[in-house]
Undergrad: 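Here it is: the structure, laid out below.
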Protein chains: 2
Amino acid sequence: MPAQRTAEGVPTIYHVATAAGVSIATVSRVLNGHAKIRPATEERVLAAVRELGYVPNAAAQGLSKGLKRILGLVFANPWWHDDPLSIEETNLLFADTVIRGAQWNADRHGYSLLLLSSGVTRIGHGALFGDVIGKVDGLVLLDRVVRQERVAPIAKRVPVVLLAGSGRSRSAVTVRVDNAGAMWLLAEHLVLHHGMRRTAFVGGLPDSPDNLARLEAFERAVRELGGTCEPAERWSADWTSPGAARVVRRRLEDKRRQPEAIVCANDQMAIGAMHALATAGLRVPDDVAVAGFDDIPVSAYLSPPLTTIRQPMRELGAAAVESLVKRLEGVALDSREVVLPTKLIVRESCGCQAGASEVGEATLPSRMLADGARSALSETVA
Amino acid sequence: MPAQRTAEGVPTIYHVATAAGVSIATVSRVLNGHAKIRPATEERVLAAVRELGYVPNAAAQGLSKGLKRILGLVFANPWWHDDPLSIEETNLLFADTVIRGAQWNADRHGYSLLLLSSGVTRIGHGALFGDVIGKVDGLVLLDRVVRQERVAPIAKRVPVVLLAGSGRSRSAVTVRVDNAGAMWLLAEHLVLHHGMRRTAFVGGLPDSPDNLARLEAFERAVRELGGTCEPAERWSADWTSPGAARVVRRRLEDKRRQPEAIVCANDQMAIGAMHALATAGLRVPDDVAVAGFDDIPVSAYLSPPLTTIRQPMRELGAAAVESLVKRLEGVALDSREVVLPTKLIVRESCGCQAGASEVGEATLPSRMLADGARSALSETVA
DNA sequence: TTGTAAGCGTTATCAC
DNA sequence: GTGATAACGCTTACAA
């Protein structure tokens, strides 16, 4: 037996073996539960493990087993010092909540989640995200972190799941929400229920697939229902409250008749829009109705409470991990695309009255669920 | 040369060597930039690397170098299905923003950030966080993820930084903000500037070091300035908006005179408090002033905009990683404790008038900076 | 039931 | 400059 090789203070399997008077193979067996071990032996090994505070070196395990049990999630994580205006980052809550869902489910499956960012240093510069790809068994790519054509080469090396992507990738699985169904519901509520005809849609970053899907679906739905939606160019923002506030203020200076309803591609922008309206002396929803998308926690606590689309952000992260894990364990995926359902949460910013409950909340099932959509939630959290 | 050993499709250094007609040692040298390589050779190797889409296996590198270049961050990440009320998680924004800062700085130093959660599965059950500790070179432990006495054994194995901890650990470095200085500033503003004497402090989870520090400092400051602070037990909440709303509503039912100012241990609770007050027909700040802590992005967009303490959450994460990396690179730390400064952000919920700027914002330097505090920000983002 | 030894894919120390 | 080759710490046949 090569005895203890490490000079460092960190105990290895050799130390444990020596201390327990067995071979390293036996230690490994005890720790991994394979094979039958004599109880007395097992006890000695475990005692040694405890005594030394031994924890296996995951790098060695990964090398030996060919599985690192680490999943990567790539998101946009800029530092903001260059741009004081972006203190409130692009869709902050969305990414963070997705991350939480992904971490949670990875953990459940015995994997850990490695957080990777696009945009700051080496990542994204070299091909294949630099070397970080070598650290993971699979990758979740958030919306917009990588261009369409860059996905294939990455997917050649590790399984990839696209989160909130356009869903048009051959090489990777896509997980997203039912944006179109959501916007239809909202348009119906505004146009049919409240009788509003003139609307506007405050968009997030223009190249975001989610933003595009929401915009197109909303415009189309409103038009088909007999209403109008102001030209998107004039209402394009950047997912942030200040950005949306700016857009709304600019429109307010224009003295033509204002829209009756302003729908925003996320809740943060709805908050910015409401702020701009309030500052201009307009009341929500009496003068203008406002709606958002996401249903972030504060939305229920705004005045007025925000009518919005709830998307299962956490489940989105969990579902992405779920299909990655399935792929790694050799389970066949039944679809290249997972579409999670959304809900219309009716509160007061659209003109409805507060319900009996503390936080008024009406829930309609999403119709128009895309083909192949199932509740990945029940799948995931089973 | 043992030729290509891997059956999988993933190319190894052996494939590259074969393709380039050199030894694996040469490939390694080219990729790591050590030693002099003939330009022609280098070119052949690089070509092979590109051709094959080779990326080094990080597990093998970690094993060989004794450094995984992975840092772990442990935070609380419960799934909420058991408890529908906790949809808005404990101090969500705080942890998420800290995580972003940590990820950003880790990336800058060539490390990746592994997200680990306490509480859900194996982690925290076995000693030493189960096996996950074997995946990292160092660990950042967030507030409350582990009890005081559990830190030492972990720190024996990998360097540990405590984030937002009590600062009383021998075995680990602590990174936190200047809670006491912040609360003094706020108390002065409320009591001296606005002349309010009767106050209340809505607390977060009672066992959180941050919460405790804020509560104690605020009570003490108010008292020394001649005001009063209602008993903490009655105002104890859980970091969430609904939690704070509940506490405030309960107090409102009590017909004794209400406090003139309600200070909350974070912004989410301030939002919940304002909601409860508005629902009860009380106006902020005319009837009751409200203040928060954190300065999350939406706080500037509430009505009224929230007066709060800005703590550098992102820098907190970055600083934690900074000291971990220093430790790993053998740089001596000049202190067991890093204390970052805070700022009082005066908006309108305290009774001040809106400033000239879009979002009124007065900034005072934090006095009472704890001993040894330096701007770790400048250190970090240098 | 346990031990021996051959990988796993790198890096790094020798030689040449 | 470049090529063998020995670690690195673990898992897993294969023997015993």
Side-chain angles (χ1 to χ4, degrees), chain A residues 1-18 20-45 49 52 54-69 131 133-137 157, chain B residues 1-18 20-45 48-49 52 54-70 131 133-137 157:
Chain A
M1 191 177 68
Q4 54 190 68
R5 309 192 186 180
T6 320
E8 308 287 334
V10 185
T12 71
I13 197 172
Y14 289 95
H15 297 106
V16 176
T18 307
V22 298
S23 72
I24 59 165
T26 299
V27 176
S28 179
R29 288 186 192 110
V30 169
L31 262 25
N32 291 290
H34 304 323
K36 300 272 147 267
I37 303 286
R38 186 181 318 146
T41 312
E42 170 159 11
E43 188 39 56
R44 281 196 342 265
V45 170
V49 167
L52 297 170
Y54 169 73
V55 175
N57 179 327
Q61 288 182 312
L63 181 55
S64 181
K65 300 218 239 209
L67 228 214
K68 306 173 188 72
R69 299 208 84 87
D131 287 0
I133 211 177
K135 292 180 174 176
V136 304
D137 299 317
R157 195 158 198 304
Chain B
M1 194 177 67
Q4 53 191 70
R5 310 189 185 181
T6 320
E8 307 287 332
V10 185
T12 70
I13 198 171
Y14 287 95
H15 297 106
V16 176
T18 307
V22 298
S23 74
I24 60 165
T26 298
V27 176
S28 179
R29 287 188 192 108
V30 169
L31 263 25
N32 291 289
H34 303 324
K36 300 275 148 263
I37 303 286
R38 186 181 316 148
T41 312
E42 170 158 11
E43 188 39 57
R44 288 206 325 278
V45 170
V49 167
L52 297 170
Y54 168 74
V55 175
N57 180 326
Q61 289 182 310
L63 181 54
S64 181
K65 301 219 242 209
L67 228 215
K68 306 174 188 73
R69 299 207 84 86
I70 294 181
D131 286 359
I133 211 177
K135 292 180 172 175
V136 303
D137 298 317
R157 193 155 198 306

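All chains are named by letter (A, B, ...) in the order of the sequence lines, taking the proteins before the strands, and each is independently numbered beginning at 1. The structure displayed is predicted, hence computed values, not measured ones.
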Undergrad: Check whether any side-chain N or O of A/Ser23 sits under 4.0 Å from OP1 or OP2 of C/dT2, and answer yes or no.
TA: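 So the side chain of A/Ser23 is outside the cut-off, no N or O lying under 4.0 Å from OP1 or OP2 of C/dT2.
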Undergrad: Is it the case that C/dG7 (base atoms only) and A/Ser64 (side chain only) share a donor and an acceptor within less than 3.5 Å, ignoring hydrogens and angles?
TA: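 Indeed, a donor on one side and an acceptor on the other fall under 3.5 Å apart.
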Undergrad: How close or far is atom P of C/dT1 from atom CD of A/Glu43, stated in whole angstroms?
TA: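 Result: 17 Å.
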Undergrad: Find which nucleotide of DNA chain D each of A/Val27 and B/Arg29 is nearest to by heavy atoms, and output the residue with the more 5' nucleotide.
TA: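 Result: B/Arg29.
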Undergrad: What is the distance from CG of A/Leu67 to C1' of D/dT11, rounded to the nearest Å?
TA: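 Taking CG of A/Leu67 and C1' of D/dT11, I get 13 Å after rounding.
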Undergrad: Just by modelled atom types, is the B/Ile70 backbone N or O under 3.5 Å from a matching donor or acceptor in the B/Lys135 side chain?
TA: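 Not a single qualifying donor-acceptor pair exists.
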Undergrad: What is the distance, to the nearest angstrom, from the CG atom on B/Asn57 to the C1' atom on C/dT11?
TA: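 About 13 Å, once rounded to whole Å.
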Undergrad: With side chain to side chain contact (heavy atoms under 4.5 Å, CB included) as the test, pick out the partner of B/Ile13 among B/Pro56, B/Ser23, B/Ser28.
TA: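 So the option named by the test is B/Ser28.
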Undergrad: For A/Arg44 and for B/Ile13, find the nucleotide of DNA chain C with the closest heavy atom, then tell me which residue's nucleotide is more 5'.
TA: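 The residue whose closest nucleotide sits nearer the 5' end is A/Arg44.
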Undergrad: As a test of reading the structure: which of D/dC10, C/dT10, D/dG1 is closest to the side chain of B/Lys36, going by heavy atoms?
TA: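 Looking only at side-chain atoms, B/Lys36 lies closest to D/dG1.
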Undergrad: Respond yes when some side-chain nitrogen or oxygen of B/Gln61 is under 4.0 Å from OP1 or OP2 of C/dG9, and no when none is.
TA: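 Checking B/Gln61 against C/dG9: no side-chain N or O falls below 4.0 Å of OP1 or OP2.
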Undergrad: Give the rounded distance in Å between these two atoms: CG of B/Leu31 and C1' of C/dG9.
TA: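 Distance, rounded to whole Å: 13 Å.
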Undergrad: Apply the side chain to side chain contact (heavy atoms under 4.5 Å, CB included) test between B/Val22 and each candidate in B/Arg29, B/Glu42, B/Arg44; give the one that qualifies.
TA: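 Single pass found, and it is B/Arg44.
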Undergrad: Compare side-chain N and O positions of A/Tyr54 against OP1 and OP2 of D/dC10 and report whether any pair is under 4.0 Å apart.
TA: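 Looking at the OP1 and OP2 atoms of D/dC10, one of them is under 4.0 Å from a side-chain N or O of A/Tyr54.
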Undergrad: Rounded to whole Å, how long is the line connecting atom CG of A/Asp137 with atom C1' of C/dG9?
TA: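 Distance, rounded to whole Å: 15 Å.
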Undergrad: Between A/Thr18 and A/His15, does any side-chain donor sit less than 3.5 Å from a side-chain acceptor?
TA: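 No donor-acceptor contact under 3.5 Å links the two side chains.
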Undergrad: Is the backbone of A/Ile133 close enough, under 3.5 Å, to the side chain of A/Arg157 for a donor and an acceptor to pair up by distance?
TA: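 Looks like no, no N/O pair under 3.5 Å.
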Undergrad: Under 4.0 Å between a side-chain N/O of A/Thr26 and OP1 or OP2 of C/dT2, yes or no?
TA: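 False: A/Thr26 side-chain N/O out of range (4.0 Å or more) of C/dT2 OP1/OP2.
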Undergrad: Return no unless some side-chain N or O of B/Arg38 is found under 4.0 Å from OP1 or OP2 of D/dT2.
TA: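 Indeed, a polar side-chain atom of B/Arg38 lies that close.
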Undergrad: Looking at B/Asn32, I'd like to know whether one of its side-chain N or O atoms comes within less than 4.0 Å of OP1 or OP2 on C/dT11.
TA: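 Yes, within the criterion.
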Undergrad: Just the rounded figure in Å: distance from P of C/dG9 to CG of B/Leu52.
TA: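 So the CG-P distance, B/Leu52 to C/dG9, works out to 14 Å.
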Undergrad: Taking OH from B/Tyr14 and C1' from C/dT11, how many angstroms apart are they, rounded to a whole number?
TA: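 My rounded result for the distance is 11 Å.
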Undergrad: Within this structure, what is the CD1-to-P distance between B/Ile24 and D/dA7, rounded to whole angstrom?
TA: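 From B/Ile24 CD1 to D/dA7 P: 15 Å.
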